[in-house]
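FYI, the numbering just counts along the sequence from 1. Basis for what follows: all heavy atoms, side chains included, without hydrogens, waters or symmetry-related copies. All values derive from a computational prediction rather than experimental measurement.
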Amino acid sequence: MGDHSHHHGHGKDLDWNAMGESIELRAEVYRPLYAQIIDAVRERMPDPSLVIDAGSGPGVVSCALAEAFPRAEVVALDNAPALLERAQRRADAADLRVRTLLGQIPDAFAGLAGADVVWFGHSLHHVGDQKAALAAAARAMAAGGLLVLLEGGLPARWLPRDIGIGRPGLQARLEAAREEWFAAMRSALPDARHEVEDWPALLAAAGLKPAGTRSFLLDLPAPVPPKVRDHLIAMLEREREATAEHLPAEDLATLDRLLDPDDPAGLRRRPDVFLLDAQTVHFAVKE
């Protein structure tokens, strides 16, 4: 799992261990967005004792949660050992109360109990049986506990519609290709079950009481700093690989120019690169 982006772009068989640096970079870029969500969590649960980051990846959000709730123990739960090693190093360097737990969702929840907050950050859609995952999380929660589910929102935008090369509307076509990839990824997961993505209804089916839905904005206007460019380039490299079979040759040629560090029209050098994203968060309470 990980601080998993809803901007995918990997093959069907995801090697999370090999993706640690790029996942970490994305989470760092998105920290302002996560800070807004954590503030909303704090309003509902000001002083938790146990916080579970389910699908923690390299622990950027786990550590942000530990900083926000210094009296809590934060459990970074993931199935990728290399990502958990990154999480532990990050926590140790900042002297934060983060404990890593290697395991698969939903089974890993069986060893946990009394959680005041369970955070699913872009990770639930990488679990084949999402209902089983939510039910297992609910069983691990304390009465009055809060589940925080980051799923949905809007696709990120990072360039104007007409970028001066290729056919305008490239990102819309990339999104269509990504939908094809996502469907194939979901169907290939172990124990994959099709679910209507009515997240409040799925939370209710897990025995939780839906407690509102909000969307949060990440707005990084042009010109963006190098770290944001690095993230977008890494993201686009993965997307080009994953969506190549679904895109026409003209779009692939445009992507190659965008990824060329020496091309003035590329992401590395062009002045109009930005990052605008909206993330939807669903809250639910265990009564």
Side-chain angles (χ1 to χ4, degrees), residues 2-16 18-19 21-23 25-27 29-30 122-123 125-126 128 150-189 192 194-197 215 217-280:
D3 298 312
H4 297 321
S5 168
H6 51 298
H7 323 294
H8 299 93
H10 328 296
K12 294 189 187 78
D13 299 319
L14 302 175
D15 183 357
W16 296 117
M19 292 168 55
E21 186 172 347
S22 62
I23 298 172
L25 175 61
R26 181 196 183 275
V29 168
Y30 276 70
H122 320 297
S123 56
H125 61 246
H126 291 288
L150 283 66
E151 289 288 352
L154 295 174
R157 284 285 190 265
W158 30 271
L159 281 176
R161 184 190 65 87
D162 190 337
I163 60 175
I165 58 174
R167 186 159 63 96
L170 172 66
Q171 283 189 256
R173 295 189 296 279
L174 271 175
E175 287 157 22
R178 191 184 306 121
E179 291 292 340
E180 297 293 329
W181 173 87
F182 187 85
M185 182 277 292
R186 283 282 315 154
S187 65
L189 289 171
H194 175 263
E195 300 288 354
V196 176
E197 292 179 354
S215 292
L217 190 68
L218 180 71
D219 184 5
L220 305 177
V224 294
K227 181 169 70 172
V228 178
R229 291 182 189 269
D230 290 344
H231 156 65
L232 292 172
I233 289 166
M235 175 272 297
L236 194 59
E237 287 174 344
R238 296 193 302 273
E239 294 225 335
R240 192 210 182 284
E241 178 185 355
T243 61
E245 63 187 280
H246 303 293
L247 291 171
E250 180 184 12
D251 284 345
L252 293 174
T254 301
L255 291 177
D256 288 339
R257 288 196 63 183
L258 288 172
L259 291 168
D260 183 346
D262 298 319
D263 193 321
L267 288 177
R268 180 64 67 193
R269 299 178 61 182
R270 60 185 305 138
D272 55 354
V273 177
F274 61 92
L275 180 54
L276 181 64
D277 201 349
Q279 172 65 59
T280 299

List the atom of [X], the atom of [Y], and the distance in Å for their closest heavy-atom pair.
X	Y	value
Ala192	Ser187	CB-O, 4.0 Å
Ala222	Val273	CB-O, 3.2 Å
Pro221	Val224	O-CG1, 3.7 Å

Those residues that, when tested against [X], pass side-chain contact (heavy atoms from CB on, under 4.5 Å) (two or more places apart):
X	result
Glu179	none
Leu252	Arg240, Ala244, Leu247, Leu255
Ser215	Thr280

Nearest 0.5 Å, please: how far is CH2 in Trp181 from CG in Leu174?
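Taking CG in Leu174 and CH2 in Trp181, the distance rounds to 13.5 Å.
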Calculate, to the nearest 0.5 Å, the distance between atoms CG and CG belonging to Leu259 and Leu236 respectively.
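Those atoms lie 4.5 Å apart.
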Residue pairs involving residues 223-234 (criterion salt bridge (charged side-chain N to carboxylate O under 4.0 Å, His left out); sequence neighbours excluded)
Asp230-Arg268
Please name all residues satisfying salt bridge (Lys or Arg N to Asp or Glu O under 4.0 Å) with [X], sequence neighbours left out, ordered by chain then number.
X	answer
Asp260	none
Arg173	Asp251
Arg257	Asp263

Between His194 and Arg186, is a side chain to side chain contact (heavy atoms under 4.5 Å, CB included) present by the stated rule, with each step listed?
CA-CA 8 Å; His194 175 263; Arg186 283 282 315 154; over 6 Å; no
Under the rule for side-chain hydrogen bond (donor to acceptor under 3.5 Å, both in side chains), what residues qualify as partners of Gln171, not counting sequence neighbours?
none
Please identify each residue that fulfils side-chain hydrogen bond (donor to acceptor under 3.5 Å, both in side chains) with Thr254, with sequence neighbours left out.
none
Determine yes or no for a side-chain-to-main-chain donor-acceptor pair under 3.5 angstrom, with Glu239 supplying the side chain and Arg178 the backbone.
no
Take His125 and Met185 through the side chain to side chain contact (heavy atoms under 4.5 Å, CB included) test and state the conclusion after the steps.
CA-CA 10 Å; His125 61 246; Met185 182 277 292; 4.3 Å; yes
Return all side-chain donor-acceptor pairs below 3.5 angstrom for residues 156-169, not counting sequence neighbours, or 'none' if the list is empty.
unit_1	atom_1	unit_2	atom_2	d
Arg157	NH1	Glu175	OE2	2.0
Asp162	OD1	Gly164	N	3.0

Quick one, Leu217 and Leu276 - any side-chain contact, counting heavy atoms below 4.5 Å?
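Yes, close enough: below the 4.5 Å cut-off.
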Does a side-chain heavy-atom distance below 4.5 Å link Leu218 with Gln279?
no
